[in-house]
Student: 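One structure, as structure tokens, below. Some questions next.
Chain identifiers are assigned alphabetically (A, B, ...) following the order of the sequence lines, protein sequences preceding nucleic acid strands; residue numbering begins at 1 within each chain. Just so we're clear, the structure is a prediction, and the values are computed from it rather than from any experiment.
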4 protein chains.
Amino acid sequence: MKGKIIEKSLQLFETKGFSETSIQDIVDEMGVTKGTFYYYFKSKKQLLMDIHTMYISELLKMQTEIMNNSEKDAKEKIKGIVSILVKSIRTHGPSARVFFRELRHLDEKSLPEIIEKRDKVRYNLQKVIEDGIDSGELRSDLKPDIITFGILGMCNWSYSWFNPEGPASEEDVILTYVEMTLKGLLPY
Amino acid sequence: MKGKIIEKSLQLFETKGFSETSIQDIVDEMGVTKGTFYYYFKSKKQLLMDIHTMYISELLKMQTEIMNNSEKDAKEKIKGIVSILVKSIRTHGPSARVFFRELRHLDEKSLPEIIEKRDKVRYNLQKVIEDGIDSGELRSDLKPDIITFGILGMCNWSYSWFNPEGPASEEDVILTYVEMTLKGLLPY
Amino acid sequence: MKGKIIEKSLQLFETKGFSETSIQDIVDEMGVTKGTFYYYFKSKKQLLMDIHTMYISELLKMQTEIMNNSEKDAKEKIKGIVSILVKSIRTHGPSARVFFRELRHLDEKSLPEIIEKRDKVRYNLQKVIEDGIDSGELRSDLKPDIITFGILGMCNWSYSWFNPEGPASEEDVILTYVEMTLKGLLPY
Amino acid sequence: MKGKIIEKSLQLFETKGFSETSIQDIVDEMGVTKGTFYYYFKSKKQLLMDIHTMYISELLKMQTEIMNNSEKDAKEKIKGIVSILVKSIRTHGPSARVFFRELRHLDEKSLPEIIEKRDKVRYNLQKVIEDGIDSGELRSDLKPDIITFGILGMCNWSYSWFNPEGPASEEDVILTYVEMTLKGLLPY
DNA sequence: CATGAATGAGACTTCATTCAT
DNA sequence: AATGAATGAAGTCTCATTCAT
């Protein structure tokens, strides 16, 4: 039941937004009553917190696996991380969209925990960049933090337009982003 | 008065979000009464619509000026557009953040008008890319639409983290994004 | 101007009702502003009061003319009064409908003045009936006050359905009501 | 609770009118809160609709019973219908008064349903008249539709003045209306 | 586990009215 | 004679939440 509530909520939050979705909307969709909701969740914000925690933890876990793979060089790790982010549009689309849009609605008490993990994801990527620069694999004249924000922006933004069922494939997007980032648009 | 209402609203919408900001919040901040608000705006949504229209129209206008400058090549136009987007964080920050976050709250009737202009901005950039490819100035093996989304994502995302008063300067960001995009991270 | 305001208000009150018609509605319809309204009327209720006074005074005046015609017998006076009431649907339709429907919205201070005149109209008809009974022209086994209410009800109700432009003519209605009232529906 | 809300509302609507009665007025009177009201009714208009439906359905039901009684001739049916209408002033006074006065405030979507039933009541009476004419029981030189409006007007109007606790009894009113209608005021 | 009834705070909005100009 | 700006009270409605059952 708890899982089903999360699933339906995700759907509704994605479509209508967190503030615009009422508990009533959620339970109506499931054919139960509000009491049921409050049996499983302390509050609406708690539900949102759960959604955020699940998403960012999963993302962090996947990223960590790539980070820990010592056989990959910086290029391959960047490609891996871009790949995770883009592919999760198909596998975790609603979660991701809700994550990016509704962060503001978390309790001030719960927020830091999420922010911390979100920043960890960023620092991880930044570490990859920095290591690449140190090893001479990447050019050293650009600031790693800005680069990191740039790559994440490119990827995260795709949640707002990329449709895995549409004309461009996941692979197209990943390839384009990685090529752009590593080799640039100018011909060699 | 109308201008002052917009200004304060922008501030509040940015901080607390559209749905979470009440008309009461807005008028309290200004020392007037709710009646005054409704004298100038038909509804809360109408105010949001005004904000969106102002922002996207201004952006489109600035972009068009760059597009029409026939002396610039693709590289320079890309740099110009990135520059506009990043610089307007300082000059139009609240407008821009509200624009990206609250689009969903527009009336279904008003939405298309805004979407159309937003898409126009995108198509304009895509045109620059396509022209660059056609003239041989840019490599031709990547899809222009995905490239466009990538660049816009990078830039638009910076609204969510970039602080013009912080350690990284506007110029740093612009330079990094343009270099990454055009030449890539790999050393030559 | 005052006359034009009354005219438009009457139209709107009839269609939408008094409470549902705002001063704004009225002045919009005329292309002026609210200030203008308040220049001519102390308040919305004052306007309603004016409308009521005009209508009932006019009606009373017409009725009085018939009452004072000493050449007419009871039958003819009844017919005359029914005739006035039905004919004024065409000539004073909106006034009449507003009069019957919106009486409740008058100030408690103004109400008695109107009620008094309205009752005078009723007493006048009742007097005709009583005189008719006394003179033997009308049967004496029914209560004059109830008869009066019956005749007035029949006539006043026609404001809610009778359309002078429709299939039944004014004369049809008057004839039917008078015949019913005087001779009844049973064949002789 | 739903029943009690309807009852109190009826009371208030009758006294102050629909538009002038606020939800606050209703719930204050009952010692509950606004939320309670909206738990039972979707909107204020929905409550009004419920009131209208209940009244007109009940009336139609009672009338139908008389219509279906094949042992009664036209005269008796007319008397029966007048009787229902007048007697329901005592039994359903507030409902009836609200019904006649506030029809205009129904939703445009709900209105037709009510209008249809109201017209059915009228057509039923008209049928009685027509049958009476066809069988020779009633005179044939007057239009049945106008007669019908006349009788209904007489009866319905009495909601606005007749007080069952007052000097005139229900039976007085019924007798007077039926006698007037059938035999007329002239002595035989 | 789940329901249904009730709460109460707060949201958006309308509108008659006032007043300086 | 008329306007435009502003008020403030009141209105309808929503909704997260609680609690007895």
Side-chain angles (χ1 to χ4, degrees), chain A residues 1-2 5 18-28 30-48 105, chain B residues 1-2 4-5 18-28 30-48 105, chain C residues 1-2 5 18-28 30-48 105 107, chain D residues 1-2 4-5 16 18-28 30-48 105:
Chain A
M1 174 82 340
K2 191 167 180 174
I5 293 177
F18 175 75
S19 295
E20 288 66 32
T21 301
S22 68
I23 308 271
Q24 197 58 249
D25 289 338
I26 297 168
V27 297
D28 280 357
M30 311 184 55
V32 297
T33 55
K34 280 189 282 198
T36 306
F37 178 91
Y38 280 94
Y39 180 77
Y40 291 104
F41 297 93
K42 216 175 69 47
S43 70
K44 197 183 168 192
K45 296 216 157 168
Q46 180 56 52
L47 163 60
L48 187 64
H105 294 110
Chain B
M1 174 82 336
K2 192 167 180 173
K4 256 167 65 183
I5 293 177
F18 176 75
S19 294
E20 288 65 33
T21 301
S22 68
I23 308 280
Q24 197 58 250
D25 290 339
I26 297 169
V27 298
D28 280 357
M30 310 184 55
V32 297
T33 58
K34 276 186 287 198
T36 304
F37 179 91
Y38 282 96
Y39 181 74
Y40 290 102
F41 297 94
K42 220 173 70 47
S43 70
K44 198 183 168 192
K45 295 216 160 173
Q46 180 54 241
L47 163 60
L48 188 64
H105 293 110
Chain C
M1 173 84 335
K2 192 167 180 174
I5 294 177
F18 175 75
S19 294
E20 288 66 32
T21 301
S22 68
I23 308 270
Q24 196 59 248
D25 289 339
I26 298 169
V27 298
D28 280 358
M30 311 184 56
V32 296
T33 55
K34 279 190 279 198
T36 306
F37 178 91
Y38 280 95
Y39 181 77
Y40 291 104
F41 296 94
K42 214 173 73 44
S43 70
K44 197 183 168 192
K45 295 215 159 170
Q46 180 56 51
L47 162 62
L48 187 64
H105 294 110
D107 268 338
Chain D
M1 173 79 345
K2 192 168 179 172
K4 256 168 65 184
I5 293 177
K16 314 180 26 168
F18 176 76
S19 294
E20 289 65 33
T21 301
S22 69
I23 308 283
Q24 197 58 251
D25 290 339
I26 297 169
V27 297
D28 280 357
M30 310 184 57
V32 297
T33 56
K34 275 184 290 195
T36 304
F37 179 91
Y38 283 96
Y39 180 74
Y40 290 101
F41 297 93
K42 221 174 67 50
S43 69
K44 197 183 167 192
K45 296 215 159 171
Q46 180 54 241
L47 163 60
L48 187 64
H105 295 111

Student: Go through the structure and list residues passing side-chain contact (heavy atoms from CB on, under 4.5 Å) with B/Tyr38, not counting sequence neighbours.
Tutor: B/Ile23
Student: Both atom distances under 3.5 Å, Watson-Crick or G-U wobble: I'd like the secondary structure of DNA chain E as a dot-bracket string, with | for pairs made across strands.
Tutor: .||||||||||||||||||||
Student: Round to a whole Å and report the spacing from CG of A/Leu47 to P of F/dA16.
Tutor: 11 Å
Student: Starting from P on F/dT14, measure out to NZ on D/Lys44 and report it in whole angstrom.
Tutor: 15 Å
Student: Drop me the distance from A/Ile26's CD1 to A/Ile5's CD1, to the nearest 0.5 angstrom.
Tutor: 8.0 Å
Student: Please tell me if C/Thr33 has a side-chain N or O lying less than 4.0 Å from either OP1 or OP2 of F/dT3.
Tutor: yes
Student: OG1/D/Thr36 to CE/D/Met1 distance, rounded to the nearest 0.5 angstrom?
Tutor: 7.0 Å
Student: Mind checking which nucleotides bracket the chain C contacts on DNA chain E, 5' to 3', with an atom under 4.0 Å from a heavy atom?
Tutor: E/dC15 to E/dT18
Student: List in chain and number order the residues that pass side chain to side chain donor-acceptor pair (under 3.5 Å) with C/Asp28, two or more places apart in sequence or in another chain; answer none if no residue qualifies.
Tutor: none
Student: Send over the distance from C/Asp28 CG to F/dG4 P, rounded to a whole Å.
Tutor: 12 Å
Student: Could you tell me whether A/Tyr40 contacts a base, only the sugar-phosphate backbone, or nothing, with contacts defined as non-hydrogen atoms closer than 4.0 Å?
Tutor: sugar-phosphate
Student: Nearest-Å distance, CE (C/Met1) to P (F/dA1)?
Tutor: 11 Å
Student: Supply the atom-to-atom distance A/Ser22 OG to A/Lys34 NZ, rounded to the nearest 0.5 angstrom.
Tutor: 7.5 Å
Student: Hey, is the side chain of D/Ser43 poking within less than 4.0 Å of OP1 or OP2 on F/dT12, counting only N and O atoms?
Tutor: no
Student: What's the separation between atom CD in B/Gln46 and atom CZ in B/Phe37, rounded to the nearest 0.5 Å?
Tutor: 9.5 Å
Student: Crowded around B/Lys4 NZ? As in, over 12 foreign heavy atoms under 6.0 Å?
Tutor: no
Student: Is the shortest heavy-atom distance from the side chain of B/Lys44 to the side chain of B/His105 under 4.5 Å?
Tutor: no
Student: Of D/Gly35 and C/Lys42, whose closest DNA chain E nucleotide lies nearer the 5' terminus?
Tutor: D/Gly35
Student: Just jot down the side chain to side chain donor-acceptor pair (under 3.5 Å) partners of C/Thr33, sequence neighbours excluded, or say none.
Tutor: none
Student: Hey, which sits more toward the 5' end of DNA chain E by its nearest nucleotide, D/Thr36 or B/Phe18?
Tutor: D/Thr36
Student: Tell me which residues in residues 19-26 of chain C lie within less than 4.0 Å of DNA chain F, going by non-hydrogen atoms.
Tutor: none
